[in-house]
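What you are looking at is a predicted structure, and each value in this text was computed from that prediction instead of being measured. Because only heavy atoms are used, hydrogens play no part in the values below, and waters and symmetry mates are left out as well, while side chains stay in.
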Amino acid sequence: MARWEEFKKWMLADGSYSRQTVEQYSCIARLFEGYAEARGGGRPLRDVLIDFLSTVDDRSKPHYKTALKKFLEFIGEKELAAELRIGSRPINQLEWFWSEDEVRRIIGACRNLRERLIVKFAYYQAMRRKEILSLTADDIDLEGMKVRVRLAKKRGTRFLYKDLYPDQAQEIKEYLEANGIRGGERLFKMTPVRLHAIFTDIVRRAGVRPAGIHGLRHARAAHMRMRGVPLDVLSKWLGHEGLNVTMIYAHIGPQTFAKEIPPPEM
C-alpha cells in the first residue's frame, strides 16, 4: 500500500477530518508522492518538496502546504513538516529571491536619500522592518563604521553590531545633517504601514517581482549563502533564535564542507 493510501486510512480512522478534507489531503499526498517517485532521483526530500510546490499556483499553495504538513508528519518527516509554516515564513518563499541586479534596480528606483537608506539597511544589514524603524542617531557609529541593531525577535533588548559600508555611511552622514537628527531621535519617523506603502511604490518603479521589504533581508541571506557563508555564521549575523531557522537557506549556494571540515589526522 502506498503511503498516501495509509495516510488516507489514518485520517478516516482518526475521525476528526471531514470526508471532503480526507479526499483533498489524500489527493495532494498522492500527487506529491508520485512527483517524488518520478522526479526525486535520490535528491533530499526537502529539495523535491520545494520543486513540487513550485508547480502549484499561488492561490492553491496554502491549501497544499496544509495537507503536505499533515502528510509529512504522518510519514515521520516532522522536521521538514515544521518548515511548512503557514504564514510568516512559508517554504515557497525559497522558490525565488531577488537577484543582485534586481536589488540594484530597487536601489536605483529610490527617489530620495531616505528611501535609499531604508532599502540599504534592509539589504546591506538584512534588517527587519521593526529594526529599521527603531534606529536612532545613537545607533550609528560613523567613525567605527558600525550600526547597532535592536533585534526585533529577541526577548528584552538585545543588540547586534553590524558593519556599515562606505556608500551607505556617506549617505547616513548627509541624511543626519540635512534633517538635524541627533542622539536618541529616530532616523525614520513613520509607521510600519507607511513604510510598507513607500517600499511597495519603490518595487513598482523598479519593475521587479512584488514582495515586502523583508524580501531584501531574504535576498541578502541567499546571496551570502551563494558566496559560501556557512549556515552557523549566517545564523548569528541574521540574529536568528537558532540554527534551525537558518536551515531554510541550507539548499542555497555551493557546498562548503571542504572549507569547514578539516582532514583526519592519522
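Side chains of L72 and L45 form a contact here, defined as non-hydrogen atoms less than 4.5 Å apart. Side-chain contact check for T200 versus V203: every heavy-atom pair is 4.5 Å or farther apart. Within the 4.5 Å cutoff, no side-chain heavy atoms of R225 are placed close to those of F97. Side chains of E100 and M226 form no contact here, defined as non-hydrogen atoms less than 4.5 Å apart.
A salt bridge (charged side-chain N to carboxylate O under 4.0 Å, His left out) check over residues 25-37, counting only residues at least two apart or in different chains, returns the pairs R3-E33. Contacts classified as salt bridge (charged side-chain N to carboxylate O under 4.0 Å, His left out) and involving residues 5-18 (residues at least two apart or in different chains) are given here: K8-E23. Counting only residues at least two apart or in different chains, salt bridge (charged side-chain N to carboxylate O under 4.0 Å, His left out) contacts with residues 199-208 comprise R111-D201, E115-R205, D201-R204, D201-R205. Residue pairs meeting the salt bridge (charged side-chain N to carboxylate O under 4.0 Å, His left out) criterion with at least one member in residues 180-196, sequence neighbours excluded: E185-K189.
Under the side-chain hydrogen bond (donor to acceptor under 3.5 Å, both in side chains) criterion, T246 pairs with S235, H240, not counting sequence neighbours. In this structure, the side-chain hydrogen bond (donor to acceptor under 3.5 Å, both in side chains) partners of R116, at least two apart in sequence or on a different chain, are E171. Remark: K130 engages A152 in a side chain to side chain contact (heavy atoms under 4.5 Å, CB included) (not counting sequence neighbours). Contacts of S18 classified as side-chain hydrogen bond (donor to acceptor under 3.5 Å, both in side chains), with partners at least two apart in sequence or in another chain: T21. By the salt bridge (charged side-chain N to carboxylate O under 4.0 Å, His left out) test, D167 is found to be paired with K120, residues two or more places apart in sequence or in another chain being considered. Partners of K146 under the side chain to side chain contact (heavy atoms under 4.5 Å, CB included) rule, at least two apart in sequence or in another chain, are D141, D163. Residues passing the side-chain hydrogen bond (donor to acceptor under 3.5 Å, both in side chains) test with Y161: none are found, sequence neighbours excluded. Applying the side chain to side chain contact (heavy atoms under 4.5 Å, CB included) test to A36 and every residue at least two apart in sequence or in another chain returns V48.
Using the six-membered ring where Trp is involved, Y165 and Y124 have ring planes that are perpendicular, over 60° apart on the 30 and 60° scheme. Using cut-offs of 30° and 60° on the angle between ring planes, the pair F74 and F7 is tilted.
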Working note: L117 + F188, criterion side chain to side chain contact (heavy atoms under 4.5 Å, CB included); need CA distance, chi angles, decisive distance, verdict.
CA-CA 10 Å; L117 284 178; F188 310 110; 3.9 Å; yes

Please report the C-alpha distance between E131 and L151 in whole Å, then the side-chain angles of each, then the deciding distance to 0.1 Å, and finally whether the side chain to side chain contact (heavy atoms under 4.5 Å, CB included) criterion is met.
CA-CA 6 Å; E131 292 166 351; L151 295 176; 3.8 Å; yes

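For the side chain to side chain donor-acceptor pair (under 3.5 Å) with Y123, the lone residue among R217, R104, H223, H218 that qualifies is H223.
Separation of atoms CG (L238) and NZ (K236) is listed at 13.0 Å; rounding is to 0.5 Å. Distance CG/N112 to CD1/I198: 8.0 Å, rounded to 0.5 Å.
Contact detail for T191 and L133: the closest heavy-atom pair is C-CD1, 4.1 Å. Closest approach of G212 to W98, counting heavy atoms only: O-CH2, 3.8 Å. Annotation for F199 and A211: closest pair CE2-O, 3.5 Å, computed over non-hydrogen atoms. When all heavy atoms of A67 and Y25 are compared, the pair lying nearest together is CB-CD1, 3.5 Å. A pairwise comparison of heavy atoms in V103 and A219 identifies CG2-CB, 4.5 Å as the closest pair.
Within a 6.0 Å sphere centred on NE2 of H63, heavy atoms belonging to other residues, nucleotides or ligands number more than 12.
A donor and an acceptor atom, one from each side chain of Q125 and Q168, are located under 3.5 Å apart.
A salt bridge links R150 with D139: at least one charged nitrogen is closer than 4.0 Å to a carboxylate oxygen.
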